[in-house]
Number of protein chains: 2
Amino acid sequence: MINAARHELLAKVAAMYYEGDMTQSDIAAALDLSRVKIYRLLKEAREAQVVRVLIDWPLKRSPALEARLVERFGLEQALALQTGATDSALLRRQIAQLAARFLESLLADGARLSICFGSTTYEVISAIRPDFQANVRVMQATGSLPHALKEFDSSALTRQLARKLGGEARYLSSPLLADNAEAAAVIREQAVVRHALEQVRRADIALVGIGDLDPATSGFVRAGVAGSGQLRSYRERGAIGDMAWQIFDRAGQPFPCELNGRIIGVTLDELSALPRTVAVAVGLNKAAAIAGALRSGAINVLCTDEATAASVLEDGM
Amino acid sequence: MINAARHELLAKVAAMYYEGDMTQSDIAAALDLSRVKIYRLLKEAREAQVVRVLIDWPLKRSPALEARLVERFGLEQALALQTGATDSALLRRQIAQLAARFLESLLADGARLSICFGSTTYEVISAIRPDFQANVRVMQATGSLPHALKEFDSSALTRQLARKLGGEARYLSSPLLADNAEAAAVIREQAVVRHALEQVRRADIALVGIGDLDPATSGFVRAGVAGSGQLRSYRERGAIGDMAWQIFDRAGQPFPCELNGRIIGVTLDELSALPRTVAVAVGLNKAAAIAGALRSGAINVLCTDEATAASVLEDGM
DNA sequence: GCGATTAATGTGCAAATGCACAGCAGCTTC
DNA sequence: GAAGCTGCTGTGCATTTGCACATTAATCGC
């Protein structure tokens, strides 16, 4: 810490420069010091944080929390939105927007993006600016449902996103859920499916949501993939969350259950192997699931809000 | 107010320049824009306050003076800044910073803050750290002016502050000044206005400035609410200062004049009833007005500088 | 007191910045 | 369609800034 008199001098020079719009030479003349000295004082003022340049982002974030998440879970990046929103729908939309802006910054021409559809990723995709163009190849990473729930209609969304981004779509022409593990294996062996999944594994970026298996709200139930009783029993036996329709435990390890075997789509191991997996999730109730997902090592970037981030860190202690 | 996409662009460029230490040419190359364009974006970002340079003044206080103020006027707390600043603009900014730090310490999540806009409170609000978040409900406590003087644009400032704090804004949708007392009464009776004023009365904290009715500098004249002749005559008849656009006398009692009746906003009595009213004011010329305001009993916390504090104490003897 | 070492200060120049001016596209008006 | 207007965009240049290096002052050990 610098002493008070110097602090005062630094602040004074900084005020003359930044608030008084004087040039360094003017200040030097006014204070009877050399120009270089003023330059050095200004530099010192910046270094000592006597002057701070604050940038007001349309979406405000919490760098401190982000840094802790990055360190704690070995992430590449974390995004924690500062928000006063209490309404959960509004909050979700804000997070989706944050994630969309981030994705846009990531997607360069020729990028290959794998998408695991869920209600959160649906919102992220909606939040991507219609005029954003990047010629991206969009790949459907999980199979399709038989019925047309708008936020779970994977192939429609894949196409929509590809068109929005001005790129091409690669579909995973397969049901999301097979009747049993054997059938799932057969389906995965089909040329089109195998080929599509291979493409998914070659993505530069994957986008996933994280679920908490809550029987009341889980996409599993809404999509009719699992019953609420089934989820309850999984949770009791140690399952903590899901991502890309794969259920995992507290440690982020695949949870041994027949459901995981029946899903046709990218696996957690495959997600881990991708260069960059971006996960989006909010809600205090999801904190444990998110912490588990982060422990799996499959995620490189987490996009969430402050409150959830804090809760995840607590859980991760 | 700029739109979100532009705001984003400005913030991005500003971050690259100020945080990423890139030169304007580098940024131009990276974003495929011309250097001049980057220069102009940076300029716009500064003007639109998307980037703000915050100077941290050493905020040294005078506990002895503060204690005397507290005792003499029965305050909850007094803040008297020790400063060598001679330039009055600089001094005002330092006081604003002191007040802002204090407010930040006061504002907890869920707090309700009523603001009486004037040039001083404007500066206090500017000095609040953009990264300070508290989910505060901000309430406009005095009506709006017809023209757009930035430091008097109450509703814009209310919104800006609410956004900054990550909370919500409650507007007082009413003119500040009615043509006569009867019209003012009618306006006050309107459901929206009545409701807004009710909210203001339920605040936890109020922030006010104190004016001295000097015809040459008073906000009344600058805002076109009163003529300088009028102020002169009020002063001759015993008016000493104003706060929340209400004029009072040496004893801090409402000064009987038609102007007070025409103002739509929080009254001195209502301020007195609030749990905590924070007043910010500096300048030897304001000493008598400040002493009057303190005698009114409406103020719990005074934020000023050493010299003014000393002068107020002298006046208050 | 004197050389050695370190910190503070100033010189000179290349790089970065700010800005006046010119050019150009889109729009309105006649 | 010409003329005028408005709002963007880029060129060219003067000013301002950042910094390497030289210089001077201060501090210390002996």
Side-chain angles (χ1 to χ4, degrees), chain A residues 1-58 101 104-105 108-109 129-134 166, chain B residues 1-58 84 87 89-90 93 126 130 147-148 150 153 156:
Chain A
M1 196 55 203
I2 51 180
N3 85 61
R6 186 152 193 90
H7 189 165
E8 177 108 26
L9 174 64
L10 293 179
K12 188 168 170 185
V13 171
M16 291 168 98
Y17 188 71
Y18 291 106
E19 291 177 347
D21 286 321
M22 296 169 72
T23 72
Q24 296 180 0
S25 317
D26 289 347
I27 301 171
L31 301 183
D32 199 26
L33 296 166
S34 75
R35 217 244 326 142
V36 213
K37 175 119 196 172
I38 300 300
Y39 162 70
R40 283 172 186 144
L41 287 171
L42 285 170
K43 189 174 178 164
E44 185 182 344
R46 281 188 300 262
E47 278 162 4
Q49 304 256 311
V50 172
V51 285
R52 279 179 307 158
V53 177
L54 293 160
I55 295 171
D56 183 32
W57 288 89
R101 293 296 93 76
E104 287 170 5
S105 76
D109 251 29
R129 294 210 179 92
D131 56 346
F132 177 81
Q133 294 276 313
Chain B
M1 199 55 198
I2 52 179
N3 88 61
R6 184 150 196 91
H7 190 163
E8 175 103 19
L9 175 64
L10 294 180
K12 188 169 169 186
V13 171
M16 291 168 98
Y17 188 71
Y18 291 106
E19 289 175 352
D21 286 322
M22 296 169 72
T23 72
Q24 296 180 359
S25 316
D26 289 345
I27 301 171
L31 301 183
D32 200 26
L33 296 166
S34 74
R35 201 205 33 100
V36 208
K37 175 122 196 167
I38 300 301
Y39 161 69
R40 283 172 186 146
L41 287 171
L42 285 170
K43 191 175 177 164
E44 186 182 344
R46 282 188 298 263
E47 277 162 6
Q49 307 256 312
V50 171
V51 281
R52 299 196 327 135
V53 178
L54 191 81
I55 296 172
D56 237 323
W57 288 91
D87 177 40
L90 218 56
R93 206 160 293 137
S126 308
H147 41 250
K150 73 170 178 181
D153 188 347

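To find a chain, count down the sequence lines: A is the first, B the second, and so on, and within it residues start at 1.
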Undergrad: Atom CG of B:Leu41 and atom P of C:dT17: how far apart are they, to the nearest Å?
TA: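 Interatomic distance, CG of B:Leu41 to P of C:dT17: 14 Å.
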Undergrad: Rounding to a whole Å, what distance do you find between B:Glu44:CD and C:dT17:C1'?
TA: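 Taking CD of B:Glu44 and C1' of C:dT17, I get 18 Å after rounding.
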Undergrad: Which residues pass the side-chain contact (heavy atoms from CB on, under 4.5 Å) test with B:Asp21, sequence neighbours left out?
TA: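 If we apply the side-chain contact (heavy atoms from CB on, under 4.5 Å) test to B:Asp21, skipping adjacent residues, there are no hits.
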Undergrad: Within less than 4.0 Å of OP1 or OP2 of D:dC19, is there a side-chain N or O belonging to A:Lys43?
TA: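 The answer is yes; a side-chain N or O of A:Lys43 sits under 4.0 Å from OP1 or OP2.
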Undergrad: Provide, to the nearest angstrom, the distance between the CE atom belonging to B:Met22 and the P atom belonging to C:dA15.
TA: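 So the CE-P distance, B:Met22 to C:dA15, works out to 18 Å.
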Undergrad: Sequence neighbours excluded, which residues qualify as side chain to side chain donor-acceptor pair (under 3.5 Å) partners of B:Gln24?
TA: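 With sequence neighbours excluded, B:Gln24 shows a side chain to side chain donor-acceptor pair (under 3.5 Å) to B:Arg35, given in chain and number order.
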Undergrad: Report the residues that fulfil side-chain contact (heavy atoms from CB on, under 4.5 Å) with A:Ala30, sequence neighbours left out, ordered by chain and then residue number.
TA: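 Residues passing side-chain contact (heavy atoms from CB on, under 4.5 Å) with A:Ala30: A:Met16, A:Met22.
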Undergrad: With sequence neighbours left out, write down each residue that passes side chain to side chain donor-acceptor pair (under 3.5 Å) with A:Glu104, or none if nothing qualifies.
TA: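 If we apply the side chain to side chain donor-acceptor pair (under 3.5 Å) test to A:Glu104, skipping adjacent residues, the hits are A:Arg101, A:Arg129.
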Undergrad: Distance from A:Lys12 atom NZ to B:Trp57 atom CH2, nearest 0.5 Å?
TA: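 The distance works out to 8.0 Å.
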Undergrad: For A:Asp56, what residues pass the side chain to side chain donor-acceptor pair (under 3.5 Å) criterion, not counting sequence neighbours?
TA: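 Once residues adjacent in sequence are excluded, the partners of A:Asp56 under the side chain to side chain donor-acceptor pair (under 3.5 Å) criterion are B:Arg163.
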Undergrad: Would you list the atom pairs, donor with acceptor, under 3.5 Å between side chains in residues 36-43 of chain B and any protein atom, with sequence neighbours excluded?
TA:
none

Undergrad: Would you give a per-nucleotide map of nucleotides 7-12 of chain D, 5' to 3', where B means the base has a protein non-hydrogen atom under 4.0 Å away, S means only the sugar-phosphate does, and - means neither?
TA: --BBB-
Undergrad: Can you name the nearest heavy-atom pair linking B:Pro58 to A:Ala11, along with the distance?
TA: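 Heavy-atom minimum between the residues: CD-CB, 4.3 Å.
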Undergrad: Within residues 23-32 of chain B, which residues have any heavy atom lying less than 4.0 Å from an atom of DNA chain D?
TA: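 Under 4.0 Å from DNA chain D: no residue of residues 23-32 of chain B.
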Undergrad: Between B:Tyr17 and C:dT17, is there a contact of a side-chain N or O with OP1 or OP2 at under 4.0 Å?
TA: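 For B:Tyr17, the contact criterion (side-chain N or O under 4.0 Å from OP1 or OP2 of C:dT17) is met.
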Undergrad: I need the CG-P distance between A:Asp21 and D:dT17, as an integer number of Å.
TA: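 Result: 11 Å.
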Undergrad: Rounded to whole Å, how long is the line connecting atom CZ of A:Arg6 with atom C1' of C:dA8?
TA: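 Result: 10 Å.
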Undergrad: Five pairs per end, C1' atoms only: what is the angle between the end axes of the helix from C:dG1-D:dC30 to C:dC30-D:dG1, to 10 degrees?
TA: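 For the helix from C:dG1-D:dC30 to C:dC30-D:dG1, the axes at opposite ends meet at about 30°.
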Undergrad: Roughly how many Å is it from OH in B:Tyr39 to P in D:dA14, rounded to a whole number?
TA: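 Rounding to the nearest Å, OH of B:Tyr39 and P of D:dA14 are 17 Å apart.
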Undergrad: Could you give the distance from CD (A:Glu44) to CG (A:Leu9), rounded to the nearest 0.5 Å?
TA: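 Those atoms lie 8.5 Å apart.
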Undergrad: B:Leu90 and A:Ala15: which non-hydrogen atoms are nearest, and at how many Å?
TA: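 Answer, listing the atom of B:Leu90 first, then A:Ala15: CD1-CB, 3.8 Å.
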Undergrad: Name all residues meeting the side chain to side chain donor-acceptor pair (under 3.5 Å) criterion together with B:Arg93; count only those two or more places apart in sequence or in a different chain, and write none if there are none.
TA: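 B:Arg93 satisfies side chain to side chain donor-acceptor pair (under 3.5 Å) with A:Glu19 once adjacent residues are dropped.
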